Amino acid sequence: MANPSLLILPGDGIGPEVMAEVRRIIDWFGENRGLTFDVSEDLVGGAAYDTHGTPLHDDTMAKAQEVDAVLLGAVGGPKYDELDFSVKPERGLLRLRKEMDLFSNLRPAQCFDALADFSSLKKDVVAGLDIVIVRELTSGIYFGEPRGIIEEGNERVGINTQRYTESEIERVARSAFELAMRRGKKLCSMEKANVMESGILWREVVTEVSKGYPEVELSHMYADAGAMQLCRWPKQFDVIVTDNLFGDLLSDAAAMLTGSLGMLPSASLGAPMSNGRPKALYEPVHGSAPDIAGQGKANPIACVLSFAMALRYSFDQGAEADRLEGAVETVLAEGARTADLLGEDGVEPLSTSQMGDRILAALSASI
Ligand code: IPM
Ligand code: MG
């Protein structure tokens with residue numbers, strides 16, 4: 001059997017630095033666990049624009065369609081702020097999501113015990129937190145037409161459209177119910193059915209899909225109330241399913257519950273390929289962090305945990321994913337901290353590669 005294939009797109013800002021640590025971890029699995037991947041690397045975002053004049057070259061897009069999984073670092077940076085909207089770094093990522101049809105974006109927010117003190121919320125609110133936001137990723141206001149900036153009378157009007165078909169809602173709802181079945185069997189759907197027709201339809205379709213999952217306890221919340229409940233008592237949730245824009249906002253909020261945006265991985269999954277595995281792209285929830293890029297300060301854990309999700313969802317290696325997540329938990333429990341995980345108390349933070357060293361050491365100690 002051919003080795004599973006992995007396309008790595010480090011991207012911009014801290015993307016290349018955190019991805020370098022993941023490359024070492026991938027090599028470790030090859031050398032120590034007999035898990036060898038065919039790894040290829042390519043450009044996305046500003047890096048692709050600098051070389052090709054487009055944030056995603058067609059050849060890269062084609063490669064992404066062929067591999068078993070894509071692992072992406074981050075895109076964007078101030079250098080590209082003035083670029084035309086159509087070639088902004090973010091367009092590369094959005095094209096990948098859209099053309100690979102990655103409609104189900106899993107964003108876990110898990111609070112590691114060792115970091116419970118670090119959250120801006122009280123420890124008892126976040127300790128032991130383990131929730132997943134399922135964000136619809138290929139439709140809604142991110143892609144809806146009409147869109148644009150038009151002239152109307154003597155002024156300009158900015159337009160974006162929230163649009164969801166029943167089938168788009170149904171497939172993401174189904175993936176959220178499936179996930180809830182494998183977890184705590186609780187699903188909360190968030191929309192704004194009080195002000196948006198798309199929200200009314202969302203609620204109806206999710207309710208319809210729930211009939212196929214009688215074991216899952218379904219609830220509905222307006223997304224604004226959901227944001228409030230996420231900060232008030234996040235442990236009331238197990239799985240949350242929501243649209244593209246609300247999911248973007250709620251997942252950043254959920255990320256901060258865990259102490260740092262530098263900790264959170266994500267998996268974007270599409271329909272099954274011929275091998276039965278879903279089309280998939282894995283990426284940290286954090287952005288390119290241009291303010292610290294190139295300084296070796298970035299926390300590689302979100303990207304490392306994104307690879308763990310790839311092991312679990314694309315490569316059927318749940319036990320090895322557990323091993324990698326366990327290694328991260330171990331080093332955090334031992335006190336390993338990058339700068340984002342430290343207060344102002346004068347403790348010397350680990351560099352990106354030192355954190356990588358520690359995770360590799362914990363992996364080696366695990367076998
Ligand atoms: C995310 C990011 C992206 C989004 C940007 C980079 C396009 O914020 O993945 O959450 O808005 O979806
Ligand atoms: Mg976001």
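As the structure lists them, so they are numbered: ligands from 1, and atoms in each ligand from 1. All values derive from a computational prediction rather than experimental measurement.
- Note on ring orientation: taking the six-membered ring where Trp is involved, the planes of Tyr49 and Tyr80 are perpendicular (angle over 60°, cut-offs 30° and 60°).
- Note on the Mg ion (ligand 2): protein N/O/S atoms under 2.8 Å are Asp248 OD1.
- Proximity of Val39 to Glu41: side-chain heavy atoms (C-beta onward) are nowhere separated by under 4.5 Å.
- With Leu96 as the partner, the side chain to side chain contact (heavy atoms under 4.5 Å, CB included) test is satisfied by one option alone out of Leu102, Leu9, Thr60: Leu9.
- Among protein heavy atoms, atom 5 (C) of ligand 1 sits closest to Glu90 CG, 4.3 Å.
- Using 4.0 Å as the threshold, Glu283 has no heavy atom nearer than that to any atom of ligand 1.
- When all heavy atoms of Leu332 and Arg337 are compared, the pair lying nearest together is O-NH1, 2.8 Å.
- Taking the ring centroids of Tyr282 and Tyr313, they lie at or beyond the 6.0 Å cut-off.
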Exercise for review: Start with the C-alpha gap between Arg323 and Leu363, add the side-chain angles, then the distance that decides, and say whether side-chain contact (heavy atoms from CB on, under 4.5 Å) holds.
Suggested key: CA-CA 7 Å; Arg323 178 188 305 285; Leu363 278 173; 3.8 Å; yes
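- Under a 4.0 Å heavy-atom criterion, Arg91 is not in contact with ligand 1.
- Side-chain contact between Glu191 and Met221: absent, with no pair of heavy atoms (C-beta onward) separated by less than 4.5 Å.
- When hydrophobic clusters are built by joining Ile, Leu, Val, Met, Phe, Trp and Tyr residues whose side-chain heavy atoms come closer than 4.5 Å, directly or via intermediates, Val206 is grouped together with Val132.
- Under 4.0 angstrom from ligand 1, the non-hydrogen atoms of Arg107 all belong to its side chain.
- A cation-pi arrangement is present between Arg135 and Tyr142 under the rule of less than 6.0 angstrom and at most 45 degrees off the ring axis.
- Ligand 1 lies nowhere less than 4.0 angstrom from a heavy atom belonging to His286.
- Among all non-hydrogen protein atoms, the one lying nearest atom 10 (O) of ligand 1 is Asp248 OD1, 2.8 Å.
- Protein heavy atom at the shortest distance from atom 11 (O) of ligand 1 is Tyr142 OH, 2.5 Å.
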